[in-house]
Amino acid sequence: MIAAVMTMAVTGFVAGLGLMYASKKFHVQKDERIETVNGMLPAANCGGCGFPGCGALAEAIVNGKAPVNACPVCSREMVQQIAEYLGLTADSTIKKVARVRCMGNCDSAVEKYNYYGPRDCHSIVLLSGGNKLCTYGCVGEGSCVKACGFDAMHMGNDGIPVVNEEKCCSCGLCVKACPRNLIVLISEDRPVVVSCMSKDKGPEVKKACSVGCIGCKMCEKKCPVGAIDVDSFLAKIDPAVCNVCGVCVDVCPTKAIKNYSRTK
C-alpha cells in the first residue's frame, strides 16, 4: 500500500515537473498591443471586416495581416487613433454605404400573388420565384432590415428597404441577407446608382415594373465620360469613371438610375 502511494506521488511529481518545463519551454509571449487595439475597436463583432470578430481583427492589424482601416464600423477618428498607437499611417478612406438596387415598390412593380407565409425574403423567393412578376427585384420581406445590427435600415411604406446613411457602417450584413443580391456597398462619393438588376428585355421589364432598366442605351449614349455600359439589357456604371454629372439620371426614360446626392 505504501509503495503504491509513493509510486503515485513520484509519478505526480515527475509529471508536474514535465508540465512546468513545457509551460516554460513553449510559452508564447502575448503581444499586449492586441488587447489595446481590440479595446479601441467598436466591439461590434459584425464580421464585416472578414474576420470572425474584433479580437481576431485586432490581432491581424497588429501582425500586419490586415490594414489599420479594415474595420468597416470604425469612424475615421477611431482609425486614426489606432494608427497613431501602432505608429502607422492611416489611409484616407471614403465611407461606403449600402445601396438597394431596386425601386420596384408596391405601386411600380406588378404582383403575381398575395403572400401570407413566413416574413422572410428567402422563403418567398422559393415560392414561384417570388410574389412579383419581376424575378430580379426586391420581394419586400425585410430580411436585410432584420440582419442590420446598427438600426441603419427600415422598410419604407412602399415595401422597399431604406438605408440610413448616417447609421450605415458598411458591415455588409444586409448584403449577405438579400437572396437577390440587390444590395451593394458603394463609396458615398459615388451616389449615382442603377437601381435595377433585371436582365430581361425591355418589353418584359415594362410588363413587370415601371421603373426597371429596359436596356435602351439612352444613358450609355448620353454619358459624357463613357462611364456607362449596357450589357444583357442592363445599364452598368463604372464608378471609377463616373463624374456624377447626373446626365444619365435625367435621360433615363424609366427613372431607373438614381442620384442619391439629390435625395439628401
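- Residue F51 is grouped with residue L88 when hydrophobic side chains (ILVMFWY) are merged at heavy-atom distances under 4.5 angstrom, including chains of intermediate members.
- In terms of modelled atom types and a separation under 3.5 Å, the side chain of S108 and the main chain of M103 share a donor-acceptor contact.
- Side chain of K95 to main chain of C168: a donor-acceptor pair is present (N/O by atom type, distance under 3.5 Å, no hydrogens or angles).
- The shortest side-chain heavy-atom distance between P161 and V163 does not fall under the 4.5 Å cut-off.
- Taking each heavy atom of V225 and V241 in turn, the nearest pair found is O-CG1, 3.3 Å.
- Evaluation of the side chain to side chain donor-acceptor pair (under 3.5 Å) test over residues 216-228, restricted to residues two or more places apart or in two chains, returns none.
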Test log, rule side-chain contact (heavy atoms from CB on, under 4.5 Å), inputs V184 and R101: CA-CA 8 Å; V184 291; R101 293 179 296 180; 3.1 Å; yes
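- Contact detail for C219 and V230: the closest heavy-atom pair is SG-CG2, 4.5 Å.
- Within the structure, salt bridge (Lys or Arg N to Asp or Glu O under 4.0 Å) contacts touching residues 43-72 (residues at least two apart or in different chains) do not occur.
- Placement of V125 and I160 in two distinct hydrophobic clusters is found when ILVMFWY residues are connected by side-chain heavy-atom separations under 4.5 Å, directly or transitively.
- In K199, the NZ atom is not crowded: 12 or fewer heavy atoms of neighbouring residues, nucleotides or ligands sit closer than 6.0 Å.
- Under the 4.5 Å side-chain heavy-atom criterion for Ile, Leu, Val, Met, Phe, Trp and Tyr, V249 and V211 are members of distinct hydrophobic clusters.
- Contact check for T89 versus V68: no side-chain heavy atoms found under the 4.5 Å cut-off.
- Between V244 and P191, some side-chain heavy-atom pair lies under the 4.5 Å cut-off.
- The two atoms that bring D200 and F233 nearest to each other are O-CB, 3.4 Å, heavy atoms only.
- Distance check: D107 CG to S210 OG gives 8.5 Å after rounding to the nearest 0.5 Å.
- Counting only residues at least two apart or on different chains, the salt bridge (Lys or Arg N to Asp or Glu O under 4.0 Å) pairs with a member in residues 108-127 are R119-E141.
- Looking only at distances, a side-chain donor or acceptor of K132 sits under 3.5 Å from a matching main-chain atom of C138.
- Counting heavy atoms from C-beta on, the side chains of V73 and F150 come closer than 4.5 Å.
- Atom CE of M155 has more than 12 neighbouring heavy atoms from other residues, nucleotides or ligands inside a 6.0 Å radius.
- Sequence neighbours left out, not one pair with a member in residues 173-184 passes side chain to side chain donor-acceptor pair (under 3.5 Å).
- Listed by first and then second residue, the side chain to side chain donor-acceptor pair (under 3.5 Å) pairs involving residues 32-46 are K30-E35, D31-R33, T36-Y85 (not counting sequence neighbours).
- Side-chain contact between I257 and I237 is present, with heavy atoms from C-beta onward closer than 4.5 Å.
- Within the structure, salt bridge (Lys or Arg N to Asp or Glu O under 4.0 Å) pairs that include any residue of residues 224-237 comprise D231-K236 (at least two apart or interchain).
- Minimum heavy-atom separation, A177 to C144: CB-CA, 4.0 Å.
- With rounding to the nearest 0.5 Å, the separation of CG in L182 from SG in C196 is 9.0 Å.
- Residues M78 and S75 have side chains in contact (heavy-atom distance under 4.5 Å, counting atoms from C-beta outward).
- Counting heavy atoms from C-beta on, the side chains of C71 and P42 come closer than 4.5 Å.
- Under a 3.5 Å cut-off, the side chain of S198 and the backbone N or O of Y136 do not form any donor-acceptor pair.
- No single ILVMFWY cluster, assembled from side-chain heavy atoms under 4.5 Å apart, contains both V97 and Y260.
- For the residue pair C171 and C46, the shortest heavy atom distance occurs at CB-SG, 3.6 Å.
- Taking both residues in full, the closest heavy atoms of P253 and I214 are given as CG-CD1, 4.2 Å, listed atom of the first, atom of the second, then distance.
- Using a 4.5 Å cut-off on side-chain heavy atoms (C-beta onward), C245 and P224 make contact.
- Hydrophobic cluster membership is shared by V192 and V194, with clusters built from Ile, Leu, Val, Met, Phe, Trp and Tyr side chains linked at under 4.5 angstrom.
- For E188 and R99, the salt-bridge test fails: no basic side-chain N is under 4.0 Å from an acidic carboxylate O.
- The structure places CD1 of I61 at 8.0 Å from SG of C49, a figure rounded to the nearest 0.5 Å.
- Taking SG of C74 as the reference point, atom CD1 of I82 lies at 4.5 Å (rounded to 0.5 Å).
- The line from OH of Y113 to OG of S128 is 5.5 Å long, rounded to the nearest 0.5 Å.
- Atom SG in C121 sits 9.5 Å away from atom CG in N131 (nearest 0.5 Å).
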